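Comments concern the structure below.
Just so it is clear, the model here is predicted, and its values are computed rather than measured. Throughout, a chain's letter reflects where its sequence line sits, starting with A, and its residues are numbered from 1.
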Protein chains: 2
Amino acid sequence: MKRRHRKSDCPVHFALEVFGDAWTLLIIRDLMFKGRNSYTDFLRAEEGIATNVLADRLVRLEEDGVLEKEGPPGGASTSRYRLTSKGIDLLPIMLEIIGWSAKYDPKTAADRGFVRRLRREPTELAAEIRSQLIDRRSEAEASPRRAKGARASSRRKTKEREVSS
Amino acid sequence: MKRRHRKSDCPVHFALEVFGDAWTLLIIRDLMFKGRNSYTDFLRAEEGIATNVLADRLVRLEEDGVLEKEGPPGGASTSRYRLTSKGIDLLPIMLEIIGWSAKYDPKTAADRGFVRRLRREPTELAAEIRSQLIDRRSEAEASPRRAKGARASSRRKTKEREVSS
DNA sequence: CACGTGTACTTGCTAAAAGCAAGTGCTGCA
DNA sequence: TGCAGCACTTGCTTTTAGCAAGTACACGTG
């Protein structure tokens, strides 16, 4: 898909070129809070992204340096995506978004305890999630999953670790 | 234009239903930081929004309670838009976005002093801008611009007050 | 070693939204 | 009375999204 050209150097516009659409931030949400990190995981999200749109967003996000693909070079089996530090730096934006929606959406599914903590000690909460994300990242780096069953336990942990939001 | 139905109660998705597109946040930026508040002002923004898209976004944002239209009831002369408190509450999101883009866009047009202050004392900066926005809002409320030239000076002030970003 | 399963896509088609130029209907003002 | 400005709307083309189906590759099982 063609790359849209930037129309200004305004920081808001720059950010919108990266995630100014209906789907990109949902993928980032899945990576950040839901422990989803594969193509089929993203498809499972309840909003129901189309396969072609998902494929497109994933290459864009990789081009933009927001996430990295850890693919088995042969192209086989499950490849995983993970946030880069640039992607992890979107966390404060996501938290502010969650806070805003929790305030204004009467039917919000945001976890109440999470939101309360977000209001009371946002810095601590952000730092905590951030370090979890960094852990997950370097953990994945440590086991480059060349072998099939190797470190399967750590992979399970990674998959199931989910932040309540 | 038809209203898209919500596909989940996830707070991220809720927010994206309000501003998950390429243009909505630019309008909010104009209202928040650039002192633009009329239809033609928004058209003047360098990104160049199309007239039909702008009209559509303005009614959506009004429906969503993010902004209010202060229109001369007759439909004549210039009508102005202003952020509601729900709209003003988007400020922290905008500031985080600006911070992120300033960090990752080498050609960013974000004001360096503004960004430095954003990093050093984000809470104070947010509070300051927020109170400016609230002032502007109640000021506009005080002079419901029924008469032509009445309170023209305050209108000029409102128009020219622009936050550097 | 054929066969089914799972993963990660691509392709083809339709529907919706964006982009663009032009036009409309007000209203103040000269 | 006529012109200019504002806030749109309309009509048309292009782009993007949505959806169902199909493809390619590897692994595991019988």
Side-chain angles (χ1 to χ4, degrees), chain A residues 1-5 7 13 16-17 19-27 30 36-62 67-81 145-150 152 155 159, chain B residues 1-5 7 13 16-17 19-27 30 36-62 67-81 145-150 152 155 159:
Chain A
M1 225 161 236
K2 228 174 301 160
R3 208 80 237 267
R4 60 257 133 126
H5 59 293
K7 294 168 184 156
H13 183 244
L16 289 174
E17 292 246 298
F19 55 78
D21 75 287
W23 294 108
T24 302
L25 282 185
L26 295 180
I27 296 171
D30 285 354
R36 302 197 183 107
N37 57 8
S38 73
Y39 186 89
T40 36
D41 279 350
F42 299 135
L43 282 182
R44 271 189 266 278
E46 54 185 333
E47 288 88 4
I49 189 171
T51 56
N52 53 349
V53 176
L54 174 57
D56 176 70
R57 286 316 111 89
L58 288 173
V59 318
R60 280 194 183 183
L61 283 169
E62 204 181 355
L67 49 80
E68 286 169 331
K69 184 183 186 171
E70 184 202 351
S77 91
T78 313
S79 49
R80 308 259 165 208
Y81 294 88
R145 59 209 252 50
R146 19 165 167 44
K148 318 92 210 302
R155 201 143 76 236
K159 187 160 189 194
Chain B
M1 226 161 238
K2 228 173 301 161
R3 209 80 237 265
R4 61 254 131 129
H5 58 295
K7 294 168 185 157
H13 183 243
L16 289 174
E17 292 246 297
F19 55 78
D21 75 286
W23 293 108
T24 301
L25 282 184
L26 294 180
I27 296 171
D30 285 355
R36 301 196 184 108
N37 56 8
S38 73
Y39 186 89
T40 35
D41 279 350
F42 298 137
L43 282 181
R44 271 189 266 278
E46 53 185 336
E47 288 89 3
I49 188 171
T51 56
N52 53 348
V53 176
L54 175 56
D56 176 70
R57 286 317 109 91
L58 288 173
V59 318
R60 281 195 183 182
L61 283 169
E62 205 182 354
L67 48 79
E68 288 169 332
K69 184 182 187 173
E70 184 201 352
S77 91
T78 312
S79 47
R80 308 259 163 207
Y81 294 87
R145 59 205 255 56
R146 23 171 164 38
K148 318 95 211 297
R155 201 144 75 235
K159 186 160 189 192

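Each of Leu58(A) and Lys7(A) has a nearest nucleotide on DNA chain C; the 5'-most of these lies closest to Leu58(A).
With hydrogens and angles ignored, the 3.5 Å screen pairs no side-chain donor or acceptor of Tyr39(A) with any backbone N or O of Tyr81(A).
If you take CH2 of Trp23(A) and C1' of dG18(D), they are 9 Å apart, rounded to a whole angstrom. If you measure from atom CD1 of Ile49(B) to atom C1' of dT9(D), you get 15 Å, rounded to the nearest angstrom. Atoms CG (Leu54(A)) and P (dA8(C)) sit 10 Å apart, rounded to a whole Å. Atom CG of Asn52(B) and atom P of dT15(D) are 16 Å apart (whole Å). To the nearest angstrom, P of dA8(C) lies 9 Å from CG of Leu43(A). The distance between atom CD of Glu47(A) and atom P of dG18(D), rounded to the nearest whole Å, is 12 Å. Here the P atom of nucleotide dA7(D) and the CG atom of Asp56(B) are 17 Å apart, to the nearest Å. Following rounding to the nearest Å, Arg57(B) (CZ) and dA17(C) (P) show an atom-to-atom distance of 9 Å.
Residue contacts shown for Asp21(A) are absent, as no nucleic acid heavy atom lies under 4.0 Å away. In this structure, Phe42(A) reaches neither bases nor backbone, as no heavy-atom distance under 4.0 Å exists between it and the strands shown. Thr40(B) comes within 4.0 angstrom of the backbone, heavy atoms only, and of no base.
Remark on the helix from dC1(C)-dG30(D) to dA30(C)-dT1(D): inter-end axis angle 0°, axes from five-pair C1' superpositions, rounded to 10°.
In this structure the side chain of Thr24(B) never reaches within 4.5 angstrom of the side chain of Arg60(B), judged on heavy atoms. The side-chain heavy atoms of Ile27(B) and Leu61(B), taken from C-beta on, include a pair separated by under 4.5 Å.
For the side chain to side chain contact (heavy atoms under 4.5 Å, CB included) test, residues two or more places apart in sequence or in another chain that qualify with Ala50(B) are Asn52(B), Val53(B). By the side chain to side chain contact (heavy atoms under 4.5 Å, CB included) test, Asp30(B) pairs with Lys34(B), Arg36(B), Phe42(B), Ala45(B), sequence neighbours left out.
Set against dC9(C), dG18(D), dT9(D), the side chain of Tyr39(A) has dC9(C) as its closest nucleotide. Checking dA17(D), dC19(D), dA8(C) against the side-chain heavy atoms of Thr78(A) singles out dA8(C) as nearest.
For a distance-only test at 3.5 Å, the side chain of Thr51(A) qualifies as a donor-acceptor partner of the base of dT10(C).
Side-chain N/O atoms of Lys69(A) include one lying less than 4.0 angstrom from OP1 or OP2 on dC9(C).
Closest approach of Leu67(A) and Leu58(A) over heavy atoms only: CD1-O, 3.9 Å. Across all their heavy atoms, Leu16(A) and Ala22(B) have their closest contact at CD1-O, 3.6 Å.
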